[in-house]
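The next block holds one structure in the form of structure tokens; read it before the comments.
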Amino acid sequence: MNVKSEPTPNPNAMKFTSQDGPLFEGRVICKQGDNPDHPLLKQLLELEGVDNLFGFQDFLTVNKTFDAQWDNLMPKIEEAFEQNQ
């Protein structure tokens with residue numbers, strides 16, 4: 001899945017936009033401890049350091065925990081997108 005990542009004004013959030021069309025039908029909101037049916041959301045929430053997710057159609061915002069580092073999370077997030085094409 002071809003996604004473009006970009007920072008947001010919130011240093012604990014990163015926005016991922018699909019270049020291949022919609023990721024979801026409508027809006028998604030989930031947080032640590034949720035068990036979503038969508039495989040991408042489920043895989044992302046299983047990553048240590050991911051706090052919550054917000055998405056709408058072709059984008060997904062990943063919010064990390066305060067102590068997590070983007071340098072460690074980004075390769076894992078990108079791998080999740082690749083595995084859920």
Side-chain angles (χ1 to χ4, degrees):
M1 180 178 304
N2 185 21
V3 294
K4 176 183 171 188
S5 62
E6 56 189 312
T8 70
N10 176 352
N12 293 319
M14 189 73 78
K15 181 180 177 183
F16 297 85
T17 305
S18 170
Q19 307 298 297
D20 300 328
L23 296 167
F24 316 102
E25 296 289 326
R27 179 178 78 159
V28 297
I29 299 174
C30 46
K31 62 185 181 322
Q32 222 21 276
D34 289 350
N35 189 19
D37 290 335
H38 195 284
L40 173 62
L41 300 176
K42 184 174 185 152
Q43 188 172 356
L44 290 171
L45 285 176
E46 290 173 351
L47 296 176
E48 185 175 340
V50 171
D51 184 54
N52 62 70
L53 307 168
F54 171 78
F56 184 76
Q57 296 184 348
D58 68 342
F59 81 89
L60 180 68
T61 300
V62 176
N63 291 282
K64 69 175 187 67
T65 58
F66 180 74
D67 59 338
Q69 300 298 317
W70 284 119
D71 289 342
N72 298 330
L73 271 177
M74 286 298 287
K76 297 173 186 175
I77 294 170
E78 290 167 353
E79 181 179 344
F81 275 105
E82 288 175 17
Q83 291 177 353
N84 289 282
Q85 293 186 26

Are Phe54 and Met74 linked, directly or through other ILVMFWY residues, by side chains that come within less than 4.5 angstrom of each other? no
Distance from [X] atom [atom1] to [Y] atom [atom2], nearest 0.5 Å?
| X | Y | atom1 | atom2 | result |
| --- | --- | --- | --- | --- |
| Leu47 | Leu73 | CG | CG | 6.5 Å |
| Phe81 | Leu44 | CZ | CG | 6.0 Å |
| Glu48 | Gln32 | CD | CD | 9.5 Å |

Check the pair Ile77, Trp70 against side-chain contact (heavy atoms from CB on, under 4.5 Å), reporting the backbone distance first and the verdict last. CA-CA 10 Å; Ile77 294 170; Trp70 284 119; 3.9 Å; yes
Sequence-distant partners of Lys42, side-chain contact (heavy atoms from CB on, under 4.5 Å), two or more places apart: Asn35, Pro36, Glu46
List the atom of Asn84, the atom of Leu40, and the distance in Å for their closest heavy-atom pair. OD1-N, 3.6 Å
For the student: nearest non-hydrogen atoms of Leu41 and Leu60, plus distance: CD2-CD1, 4.0 Å
Flag if over 12 foreign heavy atoms under 6.0 Å of CD, Gln83: yes
Asp34: which residues meet the salt bridge (Lys or Arg N to Asp or Glu O under 4.0 Å) condition with it, sequence neighbours left out? Lys31
Result block: side-chain N/O donor-acceptor pairs under 3.5 angstrom for residues 14-29, not counting sequence neighbours:
| from | atom 1 | to | atom 2 | distance (Å) |
| --- | --- | --- | --- | --- |
| Ser18 | OG | Asp20 | N | 3.1 |
| Ser18 | OG | Gly21 | N | 3.3 |
| Ser18 | OG | Gly21 | O | 2.7 |
| Gln19 | NE2 | Thr17 | O | 3.2 |
| Asp20 | OD2 | Asn2 | N | 2.8 |

Please, which pairs that meet salt bridge (Lys or Arg N to Asp or Glu O under 4.0 Å) have at least one residue in residues 67-85, sequence neighbours excluded? none
Side-chain atoms of residues 3-11: list all donor-acceptor pairs with protein atoms under 3.5 Å, sequence neighbours left out, distances to 0.1 Å.
| from | atom 1 | to | atom 2 | distance (Å) |
| --- | --- | --- | --- | --- |
| Thr8 | OG1 | Asn10 | N | 3.2 |
| Thr8 | OG1 | Asn10 | O | 2.9 |
| Thr8 | OG1 | Ala13 | O | 3.1 |
| Asn10 | OD1 | Asn12 | N | 2.8 |

Contacts of type side chain to side chain donor-acceptor pair (under 3.5 Å), residue Asp58, not counting sequence neighbours: none
With side-chain hydrogen bond (donor to acceptor under 3.5 Å, both in side chains) as the test, would you mind laying out the steps for Asn52 and Asn63 before giving the verdict? CA-CA 5 Å; Asn52 62 70; Asn63 291 282; 2.7 Å; yes
